[in-house]
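For the numbers below, each heavy atom of this structure counts, side chains included, while hydrogens, waters and symmetry mates do not. Numbers restart at 1 for each chain; the letters A, B, ... are given by sequence-line order, proteins then strands. If you're wondering where the values come from, they're calculated on a predicted model, not measured in any experiment.
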Amino acid sequence: MEYNFKEIEKKWQAYWADRQTFRVETDPSKPKYYVLDMFPYPSGAGLHVGHPLGYIASDIYSRYKRLKGFNVLHPMGYDAFGLPAEQYAIQTGQHPAITTEQNIRRYRQQMDRIGFSYDWSREVRTCDPAYYKWTQWAFLEMFGHWYNPETDKAEPIETLIEKFKAEGRWEGLSEKEQSDLLMQYRIAYQGETSVNWCPKLGTVLANDEVKEGLSVRGGFPVEQKKMKQWQLRVSAYAQRLLDDLEELEWTDSLKEMQRNWIGRSQGAEIVFKVSNGSETYDMTIFTTRADTIFGVTFMVLAPESEWVEKLTTPEQRAAVEDYLALVKKKTERERIAETRKATGVFSGSYAVNPLTGKEVPVWISEYVLSGYGTGAIMAVPAHDSRDYTFAKTFNLPIVPLIEGCDVSQESFDAKDGIMCNSGFLNGKTVKEAIPAAIDYVESHGLGHRKINFRLRDAIFSRQRYWGEPFPIYFKEGIPTPLPVDALPLELPEIDEFKPTETGEPPLGRAKGWTVDGWPLELITMPGFAGSSAYYLRYMDPHNDQALVSREADAYWRNVDLYIGGTEHATGHLIYARFWNKFLYDCGYVCEMEPFKKLINQGMIQGRSNFVYRIKNTNTFVSCGLKDQYDTTEIHVLVNLVHNDRLDIEAFRNWMPEYKTAEFILEDGEYICGWAVEKMSKSMFNVVNPDEVCDRYGADTLRMYEMFLGPLEQSKPWDTKGIDGVHRFLRKLWGLHFDRDTFCVSDEAPTPAELKALHKLIGKAQADIENFSFNTTVSAFMIAVGTLADLKCNKRAILEPLAIVLSPFAPHIAEELWSLMGHTESIAYARFPEYIEAYTREDNVEYPVSFNGKTRFKLTVSKSLSPAEVEAIVRADENTARYLAGGAIRKVIVVPGRIINIVC
RNA sequence: GCCUUGGUGGUGGAAUGGUAGACACGAGGGACUUAAAAUCCCUUGGCCCGAAACGGCCGUGCGGGUUCGAGUCCCGCCCGAGGCACCA
């Protein structure tokens with residue numbers, strides 16, 4: 001009988017939906033396992049075959065864990081607020097809620113066809129008021145807390161007020177002054193800061209939303225602008241975000257990315273006396289290289305530094321102002337492009353080196369950043385390449401401090417060597433000199449040890465419409481939170497989605513956007529607001545009393561396995577960790593980290609196909625012959641091509657201009673060229689999973705996506721090879737049939753059949769645990785190939801086979817399972833005796849040593865006697881190879897410990 | 001520049017320090033067919049000896065090293081991918 005995947009898949013998808021097979025509840029009698037996908041932004045283009053890669057992997061693991069008896073939480077939802085829907089709304093007037101709803105419906109249909117085991121009763125959408133109520137709630141909590149460095153956690157703002165009262169800093173302040181004071185401490189606060197402003201999008205962007213001076217969404221130029229913005233005090237959590245990375249089962253590269261982003265550096269703050277000729281100040285700088293202080297030949301201020309005003313002398317004022325104007329005009333992109341060139345201006349002032357007493361000039365340059373350290377540095381051109389370039393450009397002295405180093409061509413940045421020209425540090429290695437210098441500075445009251453982080457507070461504002469409104473209004477200009485019972489504060493209707501004529505955000509158009517006559521905040525929250533705690537909401541999605549109930553949180557705790565793209569490494573994955581830690585401090589959640597294990601699935605790239613048109617003709621030449629002609633390479637829709645062979649008729653019908661196309665073939669076929677590119681509409685290489693499901697079925701799609709290569713690796717979508725997977729499923733199907741009749745025998749299996757099965761179970765189990773799904777698929781192919789050769793149709797083999805296969809190809813597994821007479825879904829089949837049969841710990845590994853030196857390891861059954869082990873050793877291939885004709889004098893076997901061979 | 005990865009046939013990719021190339025695709029040959037599709041079988045890293053059989057040599061980016069044994073471990077290069085980029 002034919003393997004009719006279409007009918008089978010439709011049938012079982014309906015069955016799962018009707019019976020709510022994958023619905024879960026908290027169940028303390030069973031161990032929990034939480035598998036989460038990064039929820040998608042539902043874009044208008046729908047899913048392409050790259051999107052489900054991670055979803056398939058997580059689904060396989062979820063189904064596998066269910067078979068192992070876990071209570072698996074496997075939810076899905078939509079990150080539904082965002083720029084594209086809003087840009088579309090601006091262009092067409094279509095309300096973003098409507099396009100979003102349409103896109104979600106499409107996504108759902110596409111996902112349903114692939115047969116995922118999501119518990120859809122737990123679906124969340126970030127744009128749903130019942131959901132964003134809790135986003136707003138979390139914001140209010142952050143507004144109502146401050147970070148106490150003494151207890152190293154967030155505390156209610158009231159404890160800070162108490163502290164101020166005790167210190168006498170509270171009474172007598174006006175309401176506005178009190179608000180301003182507290183604002184400097186709140187976790188969610190409003191503050192003036194330099195932000196990434198994207199004029200084209202009309203909004204500010206977070207650091208992770210800007211790449212190379214361009215917006216990630218849209219690729220528009222971004223500039224730096226000082227603005228008052230809502231921010232989250234992520235920097236307060238820098239050390240904890242760094243420390244807690246240790247515990248996580250994330251890849252090293254991802255952890256490293258986060259470490260770099262957090263950017264901890266240990267050094268010292270040192271005070272320099274600076275004078276503009278009339279006044280003298282104490283100026284603090286930060287350095288990690290206190291040891292190089294004897295080589296300081298100038299100081300540099302960031303252009304935005306407050307010191308610039310104080311230290312610019314009248315003679316230099318004109319030059320400085322020119323320079324500041326120049327810097328201000330540059331876009332971020334221009335600054336990056338000109339990184340190599342040093343620019344700057346002399347302030348006119350001088351600083352005194354606190355150790356040598358020498359005077360050095362104070363310069364101003366954009367290579368010093370105002371947002372890091374103190375916005376001022378001591379420059380040591382001999383040992384810092386940036387200072388070096390600057391010194392060379394402006395002819396400033398360069399004093400080498402390490403014996404034998406040559407600084408005539410470039411600086412010597414390495415942290416090794418012996419110090420010289422450095423007073424009391426002379427003769428010390430750099431590693432000794434750094435702490436020695438800081439000790440000196442500290443003991444002479446010139447400064448102190450200091451740790452700095454690169455991690456900045458997150459800008460929590462977007463001047464847009466399609467996002468969560470802030471539950472904040474301005475009473476006499478004072479930011480005032482709405483009471484919690486007023487939540488959710490729903491997004492108001494407006495008639496146009498553009499900024500107002502006066503340049504206010506779109507919410508400025510909303511009528512009656514006030515509380516008691518006071519204006520509500522006009523900006524909305526950024527994209528990451530809604531995605532920072534969604535994993536918690538899935539635990540208890542319909543609770544209207546709390547983000548998550550204590551019971552649900554205590555049971556589900558945190559995500560055991562999180563699968564998603566690496567592009568969220570420094571955005572979502574930092575924010576969510578911060579958000580979770582904050583809620584942890586407040587006692588709302590019981591785990592300090594949200595995502596225990598994280599896997600980054602690779603991207604699936606497009607595989608584009610080309611045809612070659614001979615110039616000025618409508619004749620196309622096959623790839624192998626194209627060099628004989630002058631041709632133009634043209635992208636061709638990949639659906640018209642199978643295994644790089646062009647379907648000529650389909651091509652002619654593709655576009656009117658090709659109707660009359662002529663072809664020069666090779667071996668009677670038209671062979672297309674190909675290239676790996678990003679999957680995109682314009683390159684005609686987008687493959688829709690629906691098409692694959694139509695042609696091969698969801699089970700083939702699922703297995704093929706896994707078979708393509710290691711999960712974490714990026715790879716092109718290449719349909720070459722999908723036939724092999726499909727053939728495997730048909731072969732499997734065929735095992736159960738004798739011509740058109742279902743035919744499974746109850747005979748006892750032969751040893752050969754059992755061996756094939758058990759090999760598969762052992763391999764599949766080990767591979768699934770390692771997320772090596774591509775080799776698992778191979779193991780299935782081998783097993784089914786062997787069973788087909790043996791013409792095996794025994795129930796005792798085929799039933800466990802179906803169970804092991806069911807995470808990968810659930811539809812066919814369910815069908816066969818039911819044909820074999822079962823009435824319950826295979827998803828909850830419990831055959832631990834099969835699945836665990838070959839993983840029992842009844843083997844022991846002996847290190848084998850020759851004359852006392854360990855050479856290799858030998859695995860044998862635990863039950864063997866020493867004599868039997870010895871016999872195995874003597875016959876062992878490895879032993880023979882090592883001895884290569886030599887003789888064994890004695891074999892010593894210490895049961896369970898070691899085997900020593902004396903030669 | 002710094003950090004993190006990776007480099008294996010025609011292709012995607014397998015190999016707890018132990019027979020490199022599993023599995024699949026593609027290619028070639030064959031069987032069954034009037035034919036096609038489908039299915040099945042054989043060959044398939046390179047080179048060499050040979051009638052055949054049995055064989056031999058070289059092969060995991062390059063150069064060294066550790067080891068009885070290295071794709072795997074160590075050192076130094078080369079190349080690709082991703083991330084960060086004036087973070088003092």
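Checking the phosphate oxygens (OP1, OP2) of B:G6, no side-chain nitrogen or oxygen of A:Gln713 falls inside 4.0 Å. A close approach under 4.0 Å does occur between a side-chain nitrogen or oxygen of A:Ser265 and OP1 or OP2 of B:A88. The side chain of A:Asn774 contributes an N or O atom lying less than 4.0 Å from OP1 or OP2 of B:A14. Remark: A:Arg730 is in phosphate contact with B:U39, judged by side-chain N or O atoms under 4.0 Å from OP1 or OP2. One finds a side-chain N or O of A:Arg727 lying less than 4.0 angstrom from the OP1 or OP2 phosphate oxygen of B:C25. Checking the phosphate oxygens (OP1, OP2) of B:A88, no side-chain nitrogen or oxygen of A:Tyr367 falls inside 4.0 Å.
Across all strands shown, A:Arg259 has no heavy atoms under 4.0 Å from either base or sugar-phosphate atoms. Using a 4.0 Å heavy-atom criterion, one finds that A:Arg456 contacts the bases of the nucleic acid, with or without backbone contacts as well. Within the 4.0 angstrom heavy-atom criterion, no nucleotide atom of any strand lies near A:Thr570. Note on A:Lys763: nothing from the nucleic acid sits closer than 4.0 angstrom, heavy atoms only. Heavy atoms of A:Ile377 sit under 4.0 angstrom from at least one base atom. Within 4.0 Å of A:Pro710, counting heavy atoms only, lie sugar-phosphate atoms of the nucleic acid but no base atom.
When each of B:A14, B:C84, B:C25 is scored by its nearest atom to the side-chain atoms of A:Lys720, the top-ranked nucleotide is B:C25. Checking B:G83, B:U11, B:G13 against the side-chain heavy atoms of A:Met257 singles out B:G83 as nearest. When the nucleotides B:C23, B:C40, B:A88 are ranked by their closest atom to the side chain of A:Ile782, B:C23 comes out on top. For A:Thr287, taking side-chain heavy atoms from C-beta onward, the closest of the listed nucleotides B:U5, B:A88, B:C23 is B:A88. Minimum atom distance to the side chain of A:Ser253 is reached by B:U4, of the listed B:C40, B:U4, B:A15.
B:U43 sits 24 Å from B:A37 when the C1' atoms are compared, rounded to a whole Å. Taking the P atom of each, B:G26 and B:A35 are spaced 23 Å apart, rounded to whole Å. A distance of about 36 Å separates the C1' atoms of B:A51 and B:U33, rounded to the whole Å. Nucleotides B:G61 and B:U11, compared at atom P, are 14 Å apart to the nearest Å. Remark: the separation of the P atoms in B:U60 and B:G7 is 13 Å, to the nearest Å. Only the P atoms considered, B:A22 is 14 Å distant from B:G10, to the nearest whole Å. Between B:U5 and B:G65, the two P atoms lie 27 Å apart (nearest whole Å). B:C23 sits 14 Å from B:G9 when the C1' atoms are compared, rounded to a whole Å.
In this structure, B:A38 makes no Watson-Crick or G-U wobble pair, since no nucleotide meets both defining distances under 3.5 angstrom. Pair assignment for B:U11 gives B:A24, based on Watson-Crick or G-U wobble hydrogen-bonding distances that are each under 3.5 Å. Under the Watson-Crick and G-U wobble criteria, each requiring two contacts below 3.5 Å, nucleotide B:C57 is paired to B:G46. B:G17 makes up no base pair with any nucleotide shown, lacking Watson-Crick or G-U wobble contacts both under 3.5 Å. Base pairing analysis places B:G6 opposite B:C79; the two distances defining the Watson-Crick or G-U wobble pair are each below 3.5 Å. B:U72 is unpaired under the criterion used here, namely a Watson-Crick or G-U wobble arrangement in which both key atom distances are under 3.5 Å. Partner assigned to B:C84 is B:G1, using Watson-Crick or G-U wobble distances below 3.5 angstrom. B:A51 makes up no base pair with any nucleotide shown, lacking Watson-Crick or G-U wobble contacts both under 3.5 Å.
Checking side-chain atoms of A:Asn452 against main-chain N and O of A:Ser265 turns up no donor-acceptor pair under 3.5 Å. Side chain of A:Asp291 to backbone of A:Val430: no donor-acceptor contact under 3.5 angstrom is found.
A perpendicular orientation is assigned to the rings of A:Tyr372 and A:Phe286, their planes being inclined by more than 60° (bins at 30° and 60°). In this pair, A:Phe394 and A:Trp363 present their aromatic rings tilted. The plane angle is within the 30 to 60° band.
Annotated as syn: B:G9, whose glycosidic dihedral is within 90° of 0.
With rounding to whole Å, A:Lys392 atom NZ is found 24 Å from B:C86 atom P. To the nearest angstrom, P of B:A88 lies 12 Å from CD1 of A:Ile434. Here B:U39 presents its C1' atom at 11 Å from CD of A:Glu2, a figure rounded to the nearest Å. For the pair A:Asn260 CG and B:G83 C1', the interatomic distance rounds to 8 Å; values are reported in whole Å. Between the P atom of B:U11 and the NZ atom of A:Lys715 lies a distance of 18 Å, rounded to the nearest Å. The distance between atom CD of A:Glu567 and atom C1' of B:C84, rounded to the nearest whole Å, is 17 Å. Going from atom CD of A:Glu705 over to atom P of B:G13 covers 14 Å, rounded to whole Å. Following rounding to the nearest Å, A:Asp723 (CG) and B:C40 (P) show an atom-to-atom distance of 13 Å.
Counting only N and O atoms by type, the side chains of A:Gln605 and A:Ser714 include no donor and acceptor under 3.5 Å apart. Residues A:Ser235 and A:Asp457 bring a donor and an acceptor atom of their side chains to less than 3.5 Å of each other.
Under 4.0 Å is where a charged nitrogen must lie from a carboxylate oxygen, and between A:Lys763 and A:Asp767 at least one such pair does.
Nearest-nucleotide assignment on RNA chain B puts the 5′-proximal partner with A:Glu256, out of A:Glu256 and A:Ser714. Along RNA chain B, the nucleotide nearest to A:Thr374 and the one nearest to A:Met781 differ in position, and the one closer to the 5' end is contacted by A:Met781.
Remark: A:Glu769 CD is packed, more than 12 non-hydrogen atoms of other residues, nucleotides or ligands lying under 6.0 Å away.
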Query raised in the report: Can you check side chain to side chain contact (heavy atoms under 4.5 Å, CB included) on A:Leu805 and A:Val784, steps first, answer last?
Result: CA-CA 11 Å; A:Leu805 183 74; A:Val784 168; over 6 Å; no
